[in-house]
Amino acid sequence: MIQLYNSLTRTKEDFVPIGDEVKMYVCGVTVYDDSHLGHALSSIIFDVLARYLEYRDYRVKKVQNFTDVDDKIINRAKSDGVPWEEITERYINSFYESIDGLNVRRATVEPRVTEDMPEIIGLIERLIDCGSAYELNGSVYYRVRSNPDYGKLSGQNIDQMLEATRGELESGKENPADFALWKAVKPDEPMWESPWGPGRPGWHIECSAMAFKHLGEQIDIHGGGLDLIFPHHENEIAQSESASGRVPFARVWMHNGMLRISNGQEMSKSLGNAFNVKTALKEFSPDAIRLWILQSHYRSNPLLDKKLMGDAERSMRRIRSAAEITAEDVIESEKSLNADSYKRRFIEAMDDDLNTPQALAAIFDLCRKMNRSRTDGIDVSDAAELVRELTGVLGFTLEAPPKKAEGLTDTAVEALVQQRKAARAEKRWADADAVRDQLDAAGISISDTGGETAWSRS
RNA sequence: GGCGACGUGGCCAAGUGGUUUAAGGCGGAGGUCUGCAAAACCUCUAUUCGGCGGUUCGAAUCCGCCCGUCGCCUCCA
């Protein structure tokens with residue numbers, strides 16, 4: 001039985017989907033800049049969740065949106081002096097480049113706000129009809145007081161929040177905590193026609209509308225970063241439940257932790273220290289980045305530190321070399337390593353609220369067991385197959401790290417390797433070592449196994 | 001001010017009442033293998049879980065206080 005921690009109830013709960021298909025919605029990105037490693041963290045975690053659910057024989061429909069109408073996009077368009085559509089197009093492509101590079105599978109549906117405008121407007125109309133929203137000067141606001149449950153996710157209560165929000169308040173709202181569902185048009189901003197006049201949707205309504213459209217009015221899992229709990233997810237719950245009358249809107253709310261940067265501060269865009277995914281991928285393999293993330297539990301706050309990614313790169317080599325063992329590499333043997341207990345450990349760990357550090361520990365232990373068994377003349381090809389299976393569930397590619405562009409060509413390396421081979425055959429060790437040093441300097445490492453010499457770029 | 005998270009070895013990080021005197025990874029030390037290396041394997045690397053009290057037959061795990069770090073309450077994965 002899979003158990004997941006539900007932010008709404010603050011407990012781990014047995015996961016029981018409503019229907020025969022898991023309906024999962026994950027808050028996507030606002031496309032106004034390149035993706036940073038925080039996005040990578042969230043994407044990888046919910047990628048692993050979807051992969052694991054499928055591994056456990058669930059059918060999964062995952063919806064992840066693009067917010068392509070937003071203040072930050074408008075501002076970016078202004079500062080770049082281009083139409084806002086160009087900004088969103090550019091960064092949607094950039095997002096895909098990053099996410100593909102990280103071997104994150106695409107969601108089943110990836111809706112954009114601009115493409116689901118009729119549903120958004122329709123949902124706002126429903127909210128007005130049921131008394132949960134009101135129009136004011138061409139804008140529409142959600143009436144927070146209409147919902148006694150408001151605040152249940154974040155543990156906030158309206159009065160306390162208001163104390164904190166003293167100061168600038170939009171005039172005319174019934175309650176300062178009421179939030180915009182529809183924003184009346186301002187000069188030079190994207191706009192759509194609506195029953196309340198031209199304007200654009202508020203931030204929160206899109207997710208409710210898209211979840212309703214693509215998944216239905218009650219869903220199994222809703223995911224996103226911890227920072228979205230308030231106000232975004234709180235508002236999403238309020239809107240969705242007011243409109244549909246179905247409670248809860250999402251059975252399980254899952255929130256991933258925030259990246260920490262080395263000096264202890266949160267990594268946030270406003271600090272301007274975002275670490276670009278594409279930049280990271282130039283230096284580290286997607287597997288190293290994934291391992292670095294999955295070695296912490298998804299609800300913790302991993303340290304963003306290049307050293308740790310480098311450590312993960314080295315760790316990956318162990319797993320990769322174990323996974324690379326195929327039937328041909330195996331010594332003829334009657335005895336075969338039975339890896340069932342490792343598979344059970346893996347599943348047990350993942351069932352327990354996606355405990356990837358424990359699941360990885362099972363894989364590392366299995367790799368060690370395989371190496372040990374191999375020297376004992378035991379057939380480990382089935383175990384290697386299991387390593388491939390389990391690492392696949394975690395989304396690893398098992399591909400070697402990116403090749404350094406500079407340096408020697410393959411043929412040049414081969415020539416040097418042959419040169420060294422000759423030297424070794426004649427026991428001219430100094431010459432052989434000189435070649436090895438030369439290769440090493442060019443970022444190529446060598447290993448002599450049996451009669452053969454293997455080389456790889458590091 | 002309100003809501004919340006966290007503090008485990010040199011670094012990262014599981015574990016949340018007994019089979020854990022604490023998994024796994026990285027790093028380090030020694031060894032096997034090797035011409036020497038690399039990789040791999042073996043052994044070692046926290047009697048201890050921020051501090052102080054308490055509950056309990058028994059706590060890193062529960063309770064209280066204190067110290068420290070961080071997040072949310074405004075846009076953020």
Side-chain angles (χ1 to χ4, degrees), chain A residues 7 10 26-30 32-33 35-46 67 70-72 75 151 154-157 159-168 177 203 223-232 234 255-260 263-271 274 291-292 294-297 299-303 305 307-319 321-322 345 349 352 355-365 367-368 370-376 424 427-430 432-433 436-437 440 445-449 453-456 458:
Chain A
S7 304
R10 301 176 194 216
V26 179
C27 283
V29 292
T30 301
Y32 71 100
D33 205 348
S35 304
H36 61 233
L37 284 167
H39 299 123
L41 168 72
S42 186
S43 301
I44 287 172
I45 283 161
F46 290 107
T67 298
D70 176 88
D71 289 343
K72 293 188 290 294
N75 292 339
S154 57
Q156 300 285 336
N157 96 36
D159 301 310
Q160 283 170 348
M161 280 182 336
L162 295 184
E163 286 174 33
T165 330
R166 67 185 72 103
E168 38 52 61
W203 176 33
L226 212 53
D227 53 345
L228 295 178
I229 287 179
F230 192 89
H232 186 56
E234 193 70 72
H255 292 99
N256 61 268
M258 301 287 103
L259 239 32
R260 275 175 301 153
N263 64 13
Q265 281 190 298
E266 184 217 0
M267 189 186 107
S268 97
K269 287 179 194 174
S270 53
L271 288 174
L291 181 63
W292 157 64
L294 296 180
Q295 274 190 310
S296 299
H297 185 83
R299 283 190 283 118
S300 69
N301 308 109
L303 248 190
D305 186 338
K307 180 195 171 287
L308 296 174
M309 287 181 240
D311 289 351
E313 195 79 81
R314 284 185 287 280
S315 304
M316 264 332 284
R317 290 206 288 250
R318 285 257 308 288
I319 295 177
S321 71
R345 263 178 73 190
D352 182 16
N355 192 332
T356 52
Q358 289 283 12
L360 284 162
I363 292 176
F364 279 112
D365 282 343
C367 292
R368 175 176 298 114
M370 285 167 63
N371 287 132
R372 214 180 289 181
S373 301
R374 210 140 71 114
T375 55
D376 294 343
R424 292 186 71 221
K427 297 197 193 304
R428 287 185 281 111
W429 305 125
D433 290 350
R436 186 168 59 199
D437 290 345
D440 192 56
S445 54
I446 270 200
S447 77
D448 304 312
T449 44
T453 294
W455 61 271
S456 61
S458 53

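Only a predicted model underlies this, so the values are computations on that prediction, with no experimental measurement involved. Chain letters run A, B, ... following the sequence lines, proteins first and then strands; every chain starts at 1.
Spacing of P atoms, B:U21 relative to B:U74, comes out at 47 Å, to the nearest Å. B:U47 and B:G35 have their C1' atoms separated by 45 Å, with the value rounded to a whole Å. Remark: the separation of the P atoms in B:U43 and B:U48 is 24 Å, to the nearest Å. Atom name C1', nucleotides B:G64 and B:A29: the rounded distance is 44 Å, in whole Å. Distance noted for atom P between B:U69 and B:G31: 44 Å (whole Å). Taking the C1' atoms as reference points, B:G17 lies 27 Å from B:C12, given to the whole Å. B:C33 and B:C52 have their P atoms separated by 48 Å, with the value rounded to a whole Å. Look at the P atom in both B:A39 and B:G71: the space between them is 39 Å, to the nearest Å.
Rounded to an integer number of Å, the gap from CZ of A:F364 to C1' of B:C26 is 9 Å. Going from atom CD1 of A:I319 over to atom C1' of B:G24 covers 10 Å, rounded to whole Å. A straight line from CG of A:L259 to C1' of B:A5 spans 16 Å, rounded to a whole angstrom. Put simply, CG on A:L303 is 13 Å from C1' on B:G7, counting in whole angstrom units. Here B:C70 presents its C1' atom at 11 Å from CG of A:L226, a figure rounded to the nearest Å. Distance CG (A:D311) to P (B:G25): 13 Å, rounded to an integer number of Å. Rounded to whole Å, atom P of B:C11 lies 12 Å from atom CG of A:D305. As a whole-Å value, the separation of A:R299 CZ from B:A77 P is 21 Å.
Side-chain proximity of A:L228 to B:A13, B:A77, B:G4: nearest is B:A77. The side chain of A:S315 lies closest to B:C26, out of B:A14, B:C26, B:A77. Here B:A77 is the nucleotide among B:A77, B:G2, B:A13 with the atom lying nearest to any side-chain atom of A:S42.
Within 4.0 Å of A:L308, counting heavy atoms only, lie sugar-phosphate atoms of the nucleic acid but no base atom. Among the protein residues, A:G223 comes within range of no part of the nucleic acid, since none of its heavy atoms lies under 4.0 Å from any strand. Across all strands, A:D71 comes closer than 4.0 Å to no nucleic acid atom at all (heavy-atom distances). No engagement by A:R428 is indicated, since no non-hydrogen atom pair under 4.0 Å with the nucleic acid exists. Here A:S35 lies out of heavy-atom contact (under 4.0 Å) with every strand. Using a 4.0 Å heavy-atom distance criterion, A:H297 is classed as a sugar-phosphate-only contact.
Each of A:D352 and A:D70 has a nearest nucleotide on RNA chain B; the 5'-most of these lies closest to A:D352. Comparing A:H232 and A:S300 along RNA chain B, the residue whose closest nucleotide (by nearest heavy atom) sits nearer the 5' end is A:S300.
Judged by distance alone, the side chain of A:Q156 and the main-chain N or O of A:G151 form no donor-acceptor pair under 3.5 Å. Panel note: side chain A:N301, backbone A:M258; a donor-acceptor pair is recorded below 3.5 Å. Judged by distance alone, the side chain of A:W292 and the main-chain N or O of A:E313 form no donor-acceptor pair under 3.5 Å. Using modelled atom types, no side-chain atom of A:Q358 and backbone atom of A:A349 make a donor-acceptor pair closer than 3.5 Å.
Considering only side-chain N and O atoms, A:N301 lies nowhere under 4.0 angstrom from the phosphate OP1 or OP2 of B:A5.
Pairing of B:U34, defined by two Watson-Crick or G-U wobble distances under 3.5 Å, is not identified with any nucleotide. Nucleotide B:G1 is matched to B:C73 when pairs are restricted to Watson-Crick or G-U wobble geometry with both distances under 3.5 angstrom. Searching all strands for a Watson-Crick or G-U wobble partner of B:A39 with both distances below 3.5 Å returns nothing. Nucleotide B:U19 is matched to nothing when pairs are restricted to Watson-Crick or G-U wobble geometry with both distances under 3.5 angstrom. If you check B:C26 for Watson-Crick or wobble pairing at under 3.5 angstrom, you find it paired to B:G10.
The shortest heavy-atom contact between A:R424 and A:A432 is CG-CB, 3.6 Å. Across A:L37 and A:L259, no two heavy atoms sit closer than the pair C-CD2, 3.6 Å. A:L291 and A:A312 make their closest contact through CD2-O, 3.5 Å (heavy atoms, listed as atom of the first residue, atom of the second, distance).
Partner of A:S42 under the side-chain contact (heavy atoms from CB on, under 4.5 Å) criterion, chosen from A:L226, A:V29, A:N256, A:L228: A:N256.
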Anything under 3.5 Å between a protein N or O and an N or O of nucleotides 17-23 of chain B, put it in a table, one pair a line.
none

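In this structure, the side chains of A:L308 and A:Q295 stay at 4.5 Å or more apart for every pair of heavy atoms. At a threshold of 4.5 Å between non-hydrogen side-chain atoms, the residues A:N371 and A:R368 do not count as touching.
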- Message: Output one letter per nucleotide in nucleotides 28-43 of chain B: B when a protein non-hydrogen atom lies under 4.0 Å from the base, S when only the sugar-phosphate is that close, - when neither is.
- Response: -------BBBB-SSS-
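Residues forming a side chain to side chain donor-acceptor pair (under 3.5 Å) with A:N355 (at least two apart in sequence, or on another chain): none.
Remark: A:K307 engages A:D311 in a salt bridge, criterion side-chain N to carboxylate O under 4.0 Å.
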